[in-house]
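Taking it in order: structure first as structure tokens, then the write-up.
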Amino acid sequence: MALRLPAVGIDIGGTKIAAAVVDGEGAIVEQIRTETPHRSKSPKVVEDVITELVLALADRHDVHAVGIGAAGFVDAQRARVLFAPHLSWRNEPLQAALSDRLKLPVVVENDANAAAWAEWRFGAGADEERLVMVNLGTGIGGAIVRSGRLDRGRYGMAGEFGHMTVVPGGHRCPCGNRGCWEQYSSGNALVREARELAAAESPVAQPLLDRVDGDVGAITGPLVTEAAQDGDPCAIELLQEIGNWLGLGLANLAAALDPGRFVIGGGVSAAGELLLGPAREAYRRNLTGRGFRPECDVVGAQLGNTAGMIGAADLARGRARRFRTVKRSRVEGTPARRLGQWWTAGSSSKTTGAVDL
């Protein structure tokens, strides 16, 4: 029964915090959202917002656990956010803070891991034992699912594919390095290239400028995608370039990880085959041992921007199952097996152990 229990999934982004009640089949029952507090605000301000969203949903639904998907580094125990680029969280004990306030089991997860888990459970990665997800948004996030488990790495930070160096000495990245993959295949890269063409007054960029009344700063990734879907040659070429860089990175990942399927998500993936077609071609051209090894599938994600919430809720549902098992064993008077972190109703006491899904 615990696997069917409704859980709340939270997706914390740079501009919005979205929360949803998700059922055991991965369907969203209700969703609400609000603006993300500015990064200068204290961690407690963000925790207040999350608490308000959860309590608002709990008033209308019988929820049993909460999953938090946050952009940034989450420790291996899924308890602390070590660093979040859009927030003031630095080694923030988010799990303890929220579980004390909500009196529910709480799981903290990297947002890309949560999205990959959702696609593996309910979306484009279903039934694939070795799945790699690549999310093309502002930057590039990623995650690995192997044999039904998220591979978070030794310290919980696996999947930061966007910071592989693909052009030594290339574009400066906010991470401090140069030539990172996300500087060439991401939403930011798409916008940068489009604006540079427009600012140079290139004739090929004129249709893009016409769409924004000559305001170069108004050119966005979705606008370029829309123009490409309408047949604009310049926009199509820009997406092809992003796709070529995407395929190169996928070939590198295939050499290291040998997955059975790549799932491509994030906002840029809305371009569909305009992006994925060139990516597959570049993947084949750059694949090590090409012609003498199987080629894995490269497919688009199915769950869109709800994947993070669905995955976070599903991971939290697993914690709820453990919570209910431990609670039941104590009620029955039998020794409780150490199943990880759990909380008794109305109490903040906890036992710590290794938990994974």
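Computed from heavy atoms alone, side chains included, the values below leave out hydrogens, waters and symmetry copies.
- A side-chain donor-acceptor contact under 3.5 Å links Gln206 and Asp210.
- Between Asp48 and Arg101, at least one side-chain nitrogen of the basic residue sits less than 4.0 Å from a carboxylate oxygen of the acidic one, meeting the salt-bridge criterion.
- When atom types are taken as modelled, the side chain of Arg90 and the backbone of Ala84 share a donor-acceptor pair closer than 3.5 angstrom.
- Between Glu30 and Arg60, at least one side-chain N (NZ, or NE/NH1/NH2) sits under 4.0 Å from a carboxylate O, which counts as a salt bridge.
- Leu275 and Val299 end up in different hydrophobic clusters when Ile, Leu, Val, Met, Phe, Trp and Tyr side chains are linked at under 4.5 Å.
- Within the 3.5 Å criterion, the main-chain N or O of Ile140 finds a donor-acceptor partner in the side chain of Glu182.
- Annotation for Leu239 and Ala271: closest pair CD1-CB, 3.8 Å, computed over non-hydrogen atoms.
- Across all non-hydrogen atoms, the minimal contact from Cys296 to Pro259 is CB-O, 3.2 Å.
- Using modelled atom types, one side-chain atom of Ser186 and one backbone atom of Ala189 make a donor-acceptor pair closer than 3.5 Å.
- Tested against Arg178, the residues His171, Gln183, Arg172 include a single side-chain contact (heavy atoms from CB on, under 4.5 Å) partner, Arg172.
- Using a distance-only test at 3.5 Å, with no hydrogens or angles considered, a donor-acceptor pair links the side chain of Glu128 to the main chain of Arg130.
- Counting heavy atoms from C-beta on, the side chains of Leu104 and Ser99 never come closer than 4.5 Å.
- Tracing side-chain contacts under 4.5 Å through hydrophobic residues (I, L, V, M, F, W, Y), one never reaches Ile28 starting from Leu53; they form parts of separate clusters.
- The aromatic rings of Phe262 and Tyr283 lie perpendicular to each other, with more than 60° between the two planes, well past the 30° mark.
- Dense packing is recorded around CG of Asp59, with more than 12 heavy atoms of other residues, nucleotides or ligands lying under 6.0 Å away.
- Exactly one of Leu57, Ile17, Val54 qualifies for a side-chain contact (heavy atoms from CB on, under 4.5 Å) with Ile32. That residue is Leu57.
- Electrostatic pairing of Asp297 and Arg280 does not count as a salt bridge here, judged by no charged N lying under 4.0 Å from a carboxylate O.
- Ionic pairing of Arg152 and Glu109 is present here: one or more N-O contacts between side-chain nitrogen and carboxylate oxygen are shorter than 4.0 angstrom.
- Distance alone, capped at 3.5 Å, is enough to place a donor-acceptor pair between the Glu119 side chain and the Gln302 backbone.
- Put simply, OG1 on Thr225 and CG on Leu238 are 10.0 Å apart, with the number rounded to the nearest 0.5 Å.
- A salt bridge links Arg293 to Asp258: at least one charged side-chain nitrogen sits closer than 4.0 Å to a carboxylate oxygen.
- Ionic pairing of Glu35 and Lys16 is not present here: no N-O contact between side-chain nitrogen and carboxylate oxygen is shorter than 4.0 angstrom.
- With respect to the salt-bridge test (charged N to carboxylate O, under 4.0 angstrom), the residues Asp75 and Arg80 do not qualify.
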